[in-house]
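Numbered from 1 within each chain, the chains take letters A, B, ... in sequence-line order.
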Number of protein chains: 2
Amino acid sequence: MAKVDTSLVAHLPLFAGVTPEALDEILREARSARYPKNSAIFEQGADAQSFFLLLHGHVRAAKTTPTGEQIVVRYVAPGETFGLAMAIGAARYPATAIAVDDSVVLIWPTSAWPRLVERFPSLAANTLQTVGTRLQESHTRILEMSTQQVEQRVAHALLRLAKQSGKKLEHGIEIDFPISRQDIAQMTGTTLHTVSRILSGWESQGLVESGRQRIILREPHRIVVLAERSADSGAA
Amino acid sequence: MAKVDTSLVAHLPLFAGVTPEALDEILREARSARYPKNSAIFEQGADAQSFFLLLHGHVRAAKTTPTGEQIVVRYVAPGETFGLAMAIGAARYPATAIAVDDSVVLIWPTSAWPRLVERFPSLAANTLQTVGTRLQESHTRILEMSTQQVEQRVAHALLRLAKQSGKKLEHGIEIDFPISRQDIAQMTGTTLHTVSRILSGWESQGLVESGRQRIILREPHRIVVLAERSADSGAA
DNA sequence: CCTGATGTTTGCGATAGCGCAAAACGGAAC
DNA sequence: GTTCCGTTTTGCGCTATCGCAAACATCAGG
């Protein structure tokens, strides 16, 4: 079993208030694993046997309806936890997790959680914090879906992705993992067609530069303006 | 200061795994207050000085956009906590809470939270659980908004309200607090006009009976069917 | 270099639901 | 009983966005 360097993870919010020795003890319970691009880490509905911490790469969490439609719940960036079904008392994963890039994760058995929280109560507090933050973000997303048009929602989604996983280039910010029009559609509650149309429009205005599973925000500022405009004004 | 009977709250999920003596200690830190119908308990953006447990009544949590549009985040039923901004590390309330009926709440100062969790770690674990459940519900709501038509979303919303706060009558289930078309619109991401049209339609089919801020589900089963139908079939 | 698979663009018709406006209704206060 | 105010209902035109379908572009493999 590979040994995990505590210094790599010590600064993460999850481990705030945890002593180095305790961290060591926590990490001893984990194993690490590598998932190649496009492989599934767990499937919606499967037994929640583990929970995860992403070290490298990017993971997409998606939820599927009985009728087969999907939405993207979120993209997981390095340093974030996912698959916390046990924390909320669910026996099964409520979503599917797919590595969208070659990814490395730490894996704890769900069964270790109760013991860990008991020994290290700050774990529970920290997790509560992150889950709470996600809840807030979900509410924001609901608010957007309720009150904004598709173009604004797409703008917000891209800006968020850029903030979370943006790679700075000389002429803009690139979203640092492969993402399709379809993915963006599933984040914003629309169709890939509409997303494509919007991005085409933006591209011809020089706002973005995009291609196959690749998006660069060339003019983040102007995209912010787009995202905030309430529902009026037209192109000229 | 009124003394709170521990037996009234001992069974709540929030206090699972808390001994009676501990519960007593926890309750000593709280005060109770009564909010009349339609009064604000706290406002979005205000300092999160307290967190709450609803004892009697019903509370609506709503979020407002910069441009003044609102959505209903949720309705709080007796026994549930709300205003947990501190748990997620927020200094200000992310939503407004309004008593929709005369309501009684327990109030703890936010400053008491860290001490309480330290002394009674199960509080954090239990809260994590409920916040996690709410996160799931939010995701479900996003899924619905992304994939379903308005009529189905309204059906789901009403069924959920009926389950959470339904009063059983001989001929149906009544939602046990005043709720307007506008409120339902803000729960489902539509307009009061559309909700009104939908309810009128249902009423003429005998599915519901409704009036001013009042809704009775007469045929829950048939509403379930409506809620689940994928997007086809028409009235005949 | 060719080929298939996957992702993207775009045109066009259809429509669910919005937005506005006006009228009807129901309760509460006096 | 009458008046006033907030809620609900309903009609009607409009449009943002979907849905389908076809053409294209790009990448991986052989």
- Whole-Å distance between D/dG6 P and B/L192 CG? 15 Å
- Message: In whole Å, I'd like the distance from the CH2 atom of B/W202 to the P atom of D/dT8.
- Response: 15 Å
- Note on the structure: Rounded to whole Å, CD1 of A/I184 lies from P of C/dG7 at a distance of 13 Å
- Just how far, in rounded Å, is C1' of D/dG6 from CG of B/D183? 13 Å
- Task: Give the rounded distance in Å between these two atoms: CG of A/N38 and P of C/dA5.
- Result: 17 Å
- Task: Search all heavy atoms of A/V59 against all heavy atoms of A/S103 and return the closest pair with its distance.
- Result: CG2-OG, 4.4 Å
- May I ask you to evaluate whether A/S196 reaches the phosphate of C/dT9, defined as a side-chain N or O under 4.0 Å from OP1 or OP2? yes
- Can you label the angle between the A/F52 ring and the A/Y93 ring as parallel, tilted or perpendicular, going by 30° and 60°? tilted
- Query: Is the closest side-chain donor-acceptor distance between B/W202 and B/E219 under 3.5 Å?
  - Reply: no
- note: B/Q213, atom CD; D/dT8, atom C1'; distance rounded to Å ~ 11 Å
- Query: Among side-chain atoms of A/T64 and A/Q70, is any donor-acceptor pair under 3.5 angstrom?
  - Reply: yes
- For every nucleotide of nucleotides 17-30 of chain C, 5' to 3': is a protein heavy atom under 4.0 Å from its base (B), only from its sugar-phosphate (S), or from neither (-)? SSBBB---------
- Message: I need the CD-P distance between A/E203 and D/dA25, as an integer number of Å.
- Response: 14 Å
- Item | Residues A/T65 and A/T67: side-chain donor-acceptor under 3.5 angstrom | yes
- Message: Applying a 4.0 Å non-hydrogen cut-off, can you work out what B/S180 is touching in the nucleic acid: base, sugar-phosphate, or nothing?
- Response: sugar-phosphate
- Do the non-hydrogen side-chain atoms of B/L84 and B/M86 ever get within less than 4.5 Å of each other? yes
- Note on the structure: Between CD1 of A/I215 and C1' of C/dG7 the distance, given in whole Å, is 12 Å
